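What you see is a predicted model; the values in this text were computed from it and never measured. Just follow the structure's listing: the first ligand is 1, and inside any ligand the first atom is 1.
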Amino acid sequence: MRAVIATAAGGPEVLQYTDVPDPVPGPDEVLVRVAAAGVNFIDTYRRAGVYPVPFPHGVGSEGAGEVVAVGADVATLAVGDRVAWESGGPSYAELVTVRESRALLVPEGVDDRTAAALPLQGLTAHYLVTSSFALGPGHDVLLHAAAGGVGLLLTQLAAARGGRVIATVGSPEKEQLARRAGAAEVVRYRELTDLTAELPALVRDLTGGRGVHVVYDGVGRDTFDASLASLRRRGTLVLFGASSGPVPPVDPQRLNGAGSVYLTRPTLGHFVADREELTWRAGELFDAVTAGALDVRVGATYPLADAAEAHRALESRATTGKVLLIP
Ligand SMILES: NC(=O)c1ccc[n+]([C@@H]2O[C@H](COP(=O)([O-])OP(=O)(O)OC[C@H]3O[C@@H](n4cnc5c(N)ncnc54)[C@H](OP(=O)(O)O)[C@@H]3O)[C@@H](O)[C@H]2O)c1
């Protein structure tokens, strides 16, 4: 089959579209013909060597497609089922193996591209608003990169739970998308001269001087200080990513100075570790999509052969919503 392999740690140029042997499903796995593979920021961290993986590295972990073979112990899935996954085998490929325990049956009415776009970023948005901070009516929320893959879903889920979303975005086009997703206020943070000083001041103006109950920060290095300074007393900073680079070590005393605030650095795997939690979260997301309550924006699709282009676009802030690769 054809697949995308990272030959060594490096820039997008290390991604090679090449022939590899077809994967063979183990007893507890299904073999899936990939209809669409999700591109996620974590794919770029692994490719770049920021998150260490062995090389050559089969890239990707997310997608949707049709089951074409099942392992001997698989009890709940059959050939012909449509499934999606957030932690399958290397998914920038024509074929992939997925453990039965990680496969999500795609409901009628959800097309393959939507199904591939939802798992990783949707499950992340879901745990962020339910479990990292239990968001509810009346909460003021600061949310960075609101027009991104996680960002657009997170904005919608936060607004649906009654949060008042103050969104940051990198461009006027992204501002439109964030507003359509439910952001009450939008700040074009690239236009600020001093983000760390100006953003918290803007946030305080918008919250009667108090600051927000929660900040969702997937940008990391460039926004961390502004995020911390935008919290109200005893607020929560959820640092969930590093699209601008990793945050340097933090002195715990800074949490005292910021108002006895909470800092958490969560990761999706810990919020979908057991099947029951995974299917609860995915079920709520698929239900919201079929009810028309959650819009999954696929901002760009690339042929599988152009995975390097997709990475370049994601890393240069040129994308909105989900990026997909089509084998
Ligand atoms: N912890 C978890 O469980 C988990 C799970 C999924 C994703 N994540 C994290 O969530 C974040 C968003 O992931 P995603 O896949 O949805 O990506 P994305 O938000 O679609 O793309 C990244 C966005 O970050 C913003 N950004 C700000 N500074 C940047 C810089 N220097 N370089 C590149 N982008 C920059 C850009 O938006 P603007 O132009 O609007 O600034 C860009 O579009 C990533 O940090 C990812 O690692 C974490």
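- Nearest protein heavy-atom contact of atom 45 (O) of ligand 1 is Gly218 O, 2.8 Å.
- Closest to atom 34 (N) of ligand 1 among all protein heavy atoms lies Arg317 CG, 3.4 Å.
- Near Leu314, meaning under 4.0 Å from any of its heavy atoms, are these atoms of ligand 1: 20 (O), 21 (O).
- At a 4.0 Å cut-off, not a single heavy atom of Phe271 sits close enough to ligand 1 to count as contact.
- Near Glu315, meaning under 4.0 Å from one of its heavy atoms, ligand 1 places the atoms 32 (N), 33 (C).
- Looking from atom 7 (C) of ligand 1 to the surrounding protein, the closest heavy atom is Val150 CG2, 3.8 Å.
- In terms of protein heavy-atom proximity, atom 47 (O) of ligand 1 is closest to Tyr45 OH, 2.9 Å.
- Nearest protein heavy-atom contact of atom 13 (O) of ligand 1 is Phe41 CB, 3.8 Å.
- Taking every non-hydrogen atom of Val219 and a distance limit under 4.0 Å, the qualifying atoms of ligand 1 come out as 27 (C), 28 (N).
- Below 3.5 Å of separation, one finds an N or O of Ser243 facing an N or O of ligand 1.
- For Pro266, the heavy-atom gap to ligand 1 drops under 4.0 angstrom.
- Using modelled atom types and a 3.5 Å distance limit, the side chains of Asp140 and Thr207 yield no donor-acceptor pair.
- The protein non-hydrogen atom at the shortest distance from atom 23 (C) of ligand 1 is Ala145 CB, 4.0 Å.
- The shortest heavy-atom distance from Ala242 to ligand 1 is under 4.0 Å.
- Of all the atoms in ligand 1, the ones that sit under 4.0 Å from a non-hydrogen atom of Ser244 are 28 (N), 30 (C), 31 (N).
- For ligand 1, the atoms lying closer than 4.0 Å to a non-hydrogen atom of Gly241 are 9 (C), 45 (O).
- Within a 6.0 Å sphere centred on OH of Tyr262, heavy atoms belonging to other residues, nucleotides or ligands number 12 at most.
- At a heavy-atom distance under 4.0 Å, no atom of Ser171 approaches ligand 1.
- For ligand 1, the atoms lying closer than 4.0 Å to a non-hydrogen atom of Gly148 are 18 (P), 19 (O), 20 (O).
- Under the 30°/60° scheme for interplanar angles, the aromatic rings of Phe133 and His139 are found to stand perpendicular.
- Between Glu94 and Arg33, no side-chain nitrogen of the basic residue sits less than 4.0 Å from a carboxylate oxygen of the acidic one, so the salt-bridge criterion is not met.
- Shortest contact from atom 5 (C) of ligand 1 to any protein heavy atom: Thr124 OG1, 3.1 Å.
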Worked verdict on Glu315 versus Arg47 for salt bridge (Lys or Arg N to Asp or Glu O under 4.0 Å)
CA-CA 12 Å; Glu315 289 176 289; Arg47 184 216 69 218; 2.8 Å; yes
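- Heavy-atom minimum distance, Leu278 versus Leu123: CD1-CD1, 3.8 Å.
- Contact check on Arg281 versus Glu276 returns no salt bridge, with no Lys/Arg side-chain nitrogen under 4.0 Å from an Asp/Glu carboxylate oxygen.
- At a heavy-atom cutoff of 4.0 Å, ligand 1 is contacted by both the backbone and the side chain of Leu268.
- For the residue pair Glu100/Thr76, the side-chain donor-acceptor check at 3.5 Å is satisfied.
- Comparing heavy-atom distances from atom 8 (N) of ligand 1 across Tyr51, Tyr127, Phe240 singles out Phe240 as nearest.
- Taking only nitrogen or oxygen atoms, main chain and side chain alike, Val39 does not reach within less than 3.5 Å of ligand 1.
- Ranking protein heavy atoms by distance to atom 41 (O) of ligand 1, first place goes to Tyr189 OH, 2.5 Å.
- Atom 39 (O) of ligand 1 has its nearest heavy-atom neighbour, among Lys174, Gln121, Arg190, in Lys174.
- Under the 30°/60° scheme for interplanar angles, the aromatic rings of Phe271 and Tyr127 are found to lie parallel.
- One finds no salt bridge joining Arg180 and Asp295 here, because no Lys/Arg side-chain nitrogen approaches an Asp/Glu carboxylate oxygen to under 4.0 Å.
- Atom CZ of Arg188 is surrounded by more than 12 heavy atoms from other residues, nucleotides or ligands within 6.0 Å.
- Ligand-side atoms of ligand 1 in range of Arg265: 1 (N), range being under 4.0 angstrom from any heavy atom.
- Phe240 does not carry Arg265 over the face of its six-membered ring by the limits of under 6.0 Å from the centre and within 45° of the normal.
- For ligand 1, one of its N or O atoms has an N or O atom of Gly149 under 3.5 Å away.
- Note on Arg99 versus Asp28: no salt bridge recorded, every NZ/NE/NH1/NH2 to OD/OE distance being 4.0 Å or above.
- For Trp85 and Ser91, the side-chain atoms include at least one donor-acceptor pair closer than 3.5 Å.
- With a 4.0 Å cut-off on non-hydrogen atoms, Thr320 does not touch ligand 1 at all.
- Residue-ligand proximity: Lys322 is placed with every non-hydrogen atom at 4.0 Å or more from ligand 1.
- Using a 4.0 Å cut-off to heavy atoms of Val169, the atoms of ligand 1 that qualify are 40 (O).
- Contact detail for Asp43 and Gly38: the closest heavy-atom pair is OD2-O, 3.6 Å.
- The side-chain contact (heavy atoms from CB on, under 4.5 Å) test with Val34 singles out one residue from Ile326, Val96, Leu95, and that residue is Val96.
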